[in-house]
Participant: 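Questions regarding the structure given below will be posed in turn.
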Amino acid sequence: MISKAVFLVFEGFRALVRAKVPAIISSITIFITLMIFSIAYFGYINLKGYSLEFRKQYRIDVFFDASLDRDKCLDIFNSILLIDGIEQGDFIDRERAAKIFERYFHKDVKEIVGTNPLPLGGKFEVAPEYRDVQIMSAIADKIRLINGVDLTVFQSGLIKKIDGFLDNLLTLAFIIGSAILIVSIVMVSNTIRLTIHAKRGDIGTLRLLGATDRFIKLPFIIEGLLQGLGGALLSLGTLWVLYLLMQYLQGYLRTYLISPELLIPGNVIIGMALGLIGSYRGISKYLK
Amino acid sequence: MIDFKNVTATFSDNAGIFDLTFHIERGEIAFLMGPTGAGKSTVLRAIYKDIPVMKGRIIIDGVDTSKIKKRKIPFFRRSIGTIFQDFKLLDDRTVFENVALPLHINGVPGKVINRKVHEVLERIGLLDLKKERPTSISGGEQQRIAIARALVKDPKVILADEPTGNLDLVTSDEIVDLLESATQGGAAVLMATHNFPLIRPRHKRFIELSGGRQLV
């Protein structure tokens, strides 16, 4: 049994060496697929990273009733801080409000109006898991119901747009990724089928000598796995060069890099899985 | 050992073999005679279940082949040594690897394979060619390698389909000698041939076919 297994594994290696051109084509197909996946994943984690960075700025601005004094406003401010999802807050008194006004409009509000009419308020940061337009709307509604709160504002339109853009991008990436995966599997299986077709005479002889389908299939499957491994190693080599380049450019571009602990096993597993599925599909179609 | 009982096996164009009955004993060699298209190859293919039998029964070493399930056919074939007219050697393997192939299929351990292949190659006098590829040796040598491949697993039944097809008389005679020597180990040998002058001097049993039917 062990001797047969060793023989079949050896046959898989041999088949790879014998059919160099189809093997190279399959490995290159898997390499291209893995490169696209890796680059797409790189794009995804960067998009996600930037999106999280951007979402850090998501906040709810609250304006208190202009008739309330500072102490009463502080009480309301503290009660808002106790609401689920509010991470921290920044109390804004009339003086700070006037400074903010001046920063935006480059004019002193007292000079324009003669007095400071700006209401007291607060900026509230939302916890990361609450940074979603619907959840933030619910929090804002809750704040609005508090007695003494005049107005709550958050960038719901912008957040909606960003969330929608990210969702569309992820859906598109999923569709493209699935299409690439299918094309890759079809190409690998067709390449294996070409090899099998070229060896149909040998397969017939093996059958007449008493070889089972499993005995015939296994070397092709091992060949597929090796082609997958070849494609994975090729992609890892290329990604390593890109990784070094990105590390060098890290000073100029701020990017999130995929950790090698994830990239190496991920590429090897996906590459070998592509080779395995492709070869199994190819050989199964032929040896029905 | 090989028992045909009223066997009919036909192809879609109604060609084939019809109502064949014969018996070959253990350690016996018999020759299937007849012109091209007489049904000689069909007899052999029916034995190793490459074509279905419509009527009758084929019993090989006590096993009724009609009762062998499809998934068990490979295991049944392992008990038969088959020699093909076109040799069916694998060109991308050496002579040694070609002969060793049935033993690998049978799951024989590597050391035993090594010993058996050397023994059989020595027996047929082609040990020196063990590292050669089939494409670099003569037709006669290729046929002897094909015989070695059939003999190496010590089969109880050996089927040879026109093994002397395109070979000269001397080489052909050597091939038949080799097959005859296999009967000494108890194997039943059935050889299809249309070369009557080659086998006539041997005074062995003939099964003569014409149009798929047995001539009495």
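As the structure is a prediction and not an experimental result, all values here were calculated from the model. Every chain is numbered from 1 and lettered A, B, ... according to where its sequence line falls, protein lines coming before strand lines.
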Participant: Please name the pair of heavy atoms, one in E97(B) and one in R14(A), separated by the smallest distance, quoted to 0.1 Å.
Facilitator: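 For E97(B) and R14(A), the tightest heavy-atom pair comes out as OE2-NH1, 2.7 Å.
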Participant: Within a radius of less than 6.0 Å around CD of E119(B), do more than 12 heavy atoms belonging to other residues, nucleotides or ligands occur?
Facilitator: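 For E119(B), atom CD is crowded (more than 12 foreign heavy atoms under 6.0 Å).
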Participant: Considering residues at least two apart in sequence or located in another chain, which fulfil the side-chain contact (heavy atoms from CB on, under 4.5 Å) criterion with A192(B)?
Facilitator: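 In terms of side-chain contact (heavy atoms from CB on, under 4.5 Å), with neighbours along the sequence ignored, A192(B) is linked to L32(B), K40(B), L44(B), D161(B).
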Participant: Side-chain contact, heavy-atom cut-off 4.5 Å: L208(A) with T82(B)?
Facilitator: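 Answer no - side chains too far apart.
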Participant: So which heavy atom on P74(B) is nearest to which on A211(A), and how close?
Facilitator: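 Heavy-atom minimum between the residues: CB-O, 3.8 Å.
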Participant: Evaluate whether atom OH of Y248(A) has more than 12 neighbouring non-hydrogen atoms of other residues, nucleotides or ligands under 6.0 angstrom away.
Facilitator: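 No, not enclosed.
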Participant: Got a second to check how far I80(B)'s CD1 is from L209(A)'s CG, nearest 0.5 Å?
Facilitator: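 Between atom CD1 of I80(B) and atom CG of L209(A) there are 11.5 Å.
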Participant: Of the backbone (N, CA, C, O) and the side chain (C-beta and beyond), which part of R149(B) lies under 4.5 Å from a heavy atom of chain A, both, or neither?
Facilitator: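 Interface part for R149(B): side chain.
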Participant: Minimum heavy-atom separation for F7(A) to R93(B), with atom names?
Facilitator: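 Result for this residue pair: CZ-NH1, 4.2 Å.
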Participant: Can you see which heavy atom on R78(B) is nearest to which on T212(A), and at what distance?
Facilitator: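 Closest approach of R78(B) to T212(A): NH2-CG2, 3.5 Å.
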Participant: Check whether any side-chain heavy atom of T205(A) sits under 4.5 Å from a side-chain heavy atom of L101(B), and report yes or no.
Facilitator: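 Of all side-chain heavy-atom pairs linking L101(B) with T205(A), none is under 4.5 Å.
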Participant: So with a 6.0 Å cut-off around CZ of F96(B), is the heavy-atom count from everything else above 12?
Facilitator: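 For F96(B), atom CZ is crowded (more than 12 foreign heavy atoms under 6.0 Å).
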Participant: Crowded around Q134(A) CD? As in, over 12 foreign heavy atoms under 6.0 Å?
Facilitator: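 No, because the 6.0 Å sphere around CD of Q134(A) holds 12 heavy atoms or fewer from other groups.
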Participant: Please look at L206(A) and chain B and tell me whether the side chain, the backbone, both or neither of the residue comes under 4.5 angstrom of a heavy atom of that chain.
Facilitator: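 Answer is both: backbone and side chain atoms of L206(A) are under 4.5 Å from chain B.
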Participant: Please identify, among R77(B), K153(B), K88(B), H104(B), the residue contributing the most non-hydrogen atom pairs under 4.5 Å to chain A.
Facilitator: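 Looking at each of R77(B), K153(B), K88(B), H104(B) in turn, H104(B) comes out on top.
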Participant: How many angstroms lie between CD1 in I216(A) and CD1 in I105(B), if you round to the nearest 0.5 Å?
Facilitator: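 Going from the CD1 atom of I216(A) to the CD1 atom of I105(B) covers 8.0 Å.
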Participant: Measuring heavy-atom distances to chain A, does F76(B) have an atom under 4.5 Å in its side chain, in its backbone, in both, or in neither?
Facilitator: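 No part of F76(B) comes within 4.5 Å of chain A.
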Participant: Could you check whether atom NE2 of H118(B) has more than 12 heavy atoms from other residues, nucleotides or ligands sitting under 6.0 Å from it?
Facilitator: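 Count over threshold, so yes.
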Participant: For residues 45-64 of chain B, dump all side-chain donor-acceptor pairs below 3.5 Å to protein atoms at least two apart in sequence or in another chain.
Facilitator:
| unit_1 | atom_1 | unit_2 | atom_2 | d |
| --- | --- | --- | --- | --- |
| R45(B) | NE | D50(B) | OD2 | 3.0 |
| R45(B) | NH2 | D50(B) | OD2 | 3.4 |
| K49(B) | NZ | T65(B) | O | 2.8 |
| R57(B) | NH1 | D64(B) | OD2 | 3.2 |
| D61(B) | OD2 | K156(B) | NZ | 3.0 |
| D64(B) | OD1 | S66(B) | N | 3.1 |
| D64(B) | OD1 | S66(B) | OG | 2.8 |
| D64(B) | OD2 | S66(B) | OG | 3.4 |

